[in-house]
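To start, the structure under review is shown below, and the notes come after it.
This is a predicted model, so every value here is computed, not measured. Throughout, protein chains are lettered first and strands after them, A, B, ... in sequence-line order, and every chain is numbered starting at 1.
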Protein chains: 2
Amino acid sequence: MDILTALFKALSDRNRLRIVSALLKHDELCACQLTELIHVTGATASRHMGVLISSGLVDSRKDGRWVYYRIRREQADFGVLIGWIESQLSHDPGIEHDAKTLDDITSCEPEDLCRKQRGDECCPKK
Amino acid sequence: MDILTALFKALSDRNRLRIVSALLKHDELCACQLTELIHVTGATASRHMGVLISSGLVDSRKDGRWVYYRIRREQADFGVLIGWIESQLSHDPGIEHDAKTLDDITSCEPEDLCRKQRGDECCPKK
DNA sequence: TGCATAGTTAGCCAAGCATCTAATTAATAT
DNA sequence: ATATTAATTAGATGCTTGGCTAACTATGCA
């Protein structure tokens with residue numbers, strides 16, 4: 001039961017739901033990309049990722065300086081739930097808007113994105 | 001998206017999940033029965049029911065002095081989710097224990113149960 | 001070796017929430 | 001009508017949480 005409440009708690013935050021939805025579409029995204037998407041500080045994004053990971057829904061992989069996140073689709077128990085969330089959000093206006101933002105975000109390498117986040121202006125804007 | 005976060009928030013509390021699970025088994029239960037199950041004051045239980053109702057997951061019906069609650073199974077959108085929760089909790093120790101408690105609780109009429117809650121000792125104990 | 005930098009952790013604060021008691025509302029029963 | 005009572009609402013309190021800044025960790029590069 002506690003596993004379930006933790007899972008629902010992880011999913012009960014707007015920004016975390018946006019992150020989950022983004023990961024459902026892009027399979028693997030790094031911290032800086034998710035930070036850019038939900039528009040919070042890196043520290044806050046990192047905390048959200050921590051919640052999602054300890055709920056068992058998300059997995060992380062470190063590659064050099066970057067950390068990549070993905071949905072743990074192999075968690076068979078969650079498969080039905082994940083599919084249901086995906087269908088519920090498929091026509092959500094906020095999520096659709098995020099999808100467009102994500103296209104821009106993923107159109108440049110994390111390296112460039114991070115430079116942009118420091119104010120260097122490099123990626124195709126909007 | 002907000003509908004979804006509200007729904008997950010409603011499900012992210014241990015006592016509310018116990019209530020949902022109870023309603024999945026008994027179809028219809030009144031406030032005093034649910035209060036007895038989760039062992040909180042009537043005011044607290046009432047507040048939990050308010051959260052579940054505004055999430056769209058639960059419906060209420062007034063009958064005289066009593067209020068009965070049920071899962072809104074006709075909400076087609078939630079059907080899959082409800083089924084999934086049901087399967088996830090089917091072998092949960094805490095929920096199984098609640099099921100036994102519920103058998104005792106439902107073995108007497110709400111009227112008698114409420115008298116017992118005032119300390120009158122009437123229902124089959126244990 | 002030492003600097004730059006992506007991400008996490010720590011510490012803080014304001015908002016939200018679960019719970020309680022007390023007051024209120026709505027229905028029954030005397 | 002008046003008292004009783006099931007349920008909700010109001011108000012108070014302590015805990016949790018989402019956000020921030022700042023400090024820390026760890027990785028890559030000069």
Side-chain angles (χ1 to χ4, degrees), chain A residues 2 5-6 8-19 28-55 58-69 105 108-120 122, chain B residues 2 5-6 8-19 28-55 58-69 105 108-120 122:
Chain A
D2 295 329
T5 55
F8 287 136
K9 201 160 291 191
L11 291 168
S12 70
D13 176 84
R14 187 185 173 82
N15 280 340
R16 283 195 295 268
L17 209 50
R18 292 171 71 194
I19 289 171
E28 200 174 58
L29 292 168
C30 85
C32 61
Q33 292 173 315
L34 293 170
T35 299
E36 180 78 10
L37 176 68
I38 65 172
H39 246 239
V40 292
T41 63
T44 298
S46 179
R47 273 250 291 263
H48 280 311
M49 298 321 294
V51 172
L52 287 171
I53 286 171
S54 54
S55 81
V58 167
D59 207 354
S60 73
R61 161 180 84 82
K62 189 159 191 174
D63 179 16
R65 265 177 301 183
W66 284 273
V67 176
Y68 288 90
Y69 300 96
I105 289 173
C108 59
E109 292 301 304
E111 195 171 353
D112 296 328
L113 177 61
C114 288
R115 189 151 57 234
K116 179 182 164 196
Q117 285 177 352
R118 299 197 304 276
D120 273 19
C122 70
Chain B
D2 294 329
T5 55
F8 287 136
K9 201 159 290 190
L11 291 168
S12 70
D13 177 84
R14 187 185 173 84
N15 280 340
R16 283 196 294 268
L17 209 50
R18 293 170 70 194
I19 289 170
E28 199 173 58
L29 291 168
C30 86
C32 61
Q33 293 173 315
L34 293 169
T35 299
E36 180 78 9
L37 176 68
I38 65 173
H39 247 235
V40 292
T41 63
T44 299
S46 178
R47 179 132 325 159
H48 281 310
M49 298 320 295
V51 172
L52 287 171
I53 286 171
S54 53
S55 81
V58 168
D59 207 353
S60 73
R61 161 179 85 81
K62 190 159 191 175
D63 179 17
R65 267 178 300 184
W66 286 275
V67 176
Y68 288 89
Y69 301 95
I105 290 173
C108 59
E109 292 301 303
E111 194 171 353
D112 295 329
L113 178 61
C114 287
R115 189 151 55 236
K116 179 183 162 196
Q117 285 177 351
R118 300 196 304 275
D120 274 17
C122 70

Grab the [atom1]-[atom2] distance between [X] and [N] for me, whole Å please.
X	N	atom1	atom2	value
A/K62	C/dA6	NZ	P	13 Å
B/D63	D/dA7	CG	P	11 Å
B/L29	D/dA6	CG	C1'	16 Å
A/R65	C/dT8	CZ	C1'	16 Å
A/R14	C/dG16	CZ	P	15 Å
B/K9	D/dT16	NZ	C1'	12 Å
A/I53	C/dG7	CD1	C1'	11 Å
B/W66	C/dA27	CH2	C1'	10 Å

Quick one: pull up [atom1] in [X] and [atom2] in [Y] and give me the separation to the nearest 0.5 Å.
X	Y	atom1	atom2	value
B/I53	B/H48	CD1	NE2	13.0 Å
A/N15	A/H39	CG	NE2	11.0 Å
A/C32	A/R65	SG	CZ	11.0 Å

Taking the side chain as everything from C-beta on, heavy atoms only, tell me whether B/Y69 gets closer than 4.5 Å to B/I19.
no
Can you confirm whether A/D13 sits close enough to B/T5 that some side-chain heavy atom of one is under 4.5 Å from a side-chain heavy atom of the other?
no
For B/T35 and B/A45, work out which heavy atoms get closest and say how close.
OG1-CB, 3.3 Å
State which of [options] makes the closest approach to the side chain of [X].
X	options	value
B/N15	C/dG7, D/dA7, C/dT19	C/dT19
B/V67	C/dG7, D/dA7, D/dA6	D/dA7
A/D13	C/dA6, D/dG18, C/dA29	D/dG18

Under 4.0 Å from any atom of DNA chain D, heavy atoms only: list the residues of residues 39-49 of chain B that qualify, in numerical order.
B/G42, B/A43, B/S46, B/R47
Looking for any heavy atom pair under 4.0 Å, which part of the strands does B/Y69 touch: base, sugar-phosphate only, or nothing?
sugar-phosphate
Under 4.0 Å, counting only non-hydrogen atoms across every strand here, what does A/R16 touch: a base, just sugar-phosphate, or nothing?
sugar-phosphate
When A/V51 and B/S60 are each assigned the nearest nucleotide of DNA chain D, the 5'-most assignment goes to B/S60
Donor-acceptor contact below 3.5 Å, side chain B/R16 vs main chain B/K9:
yes
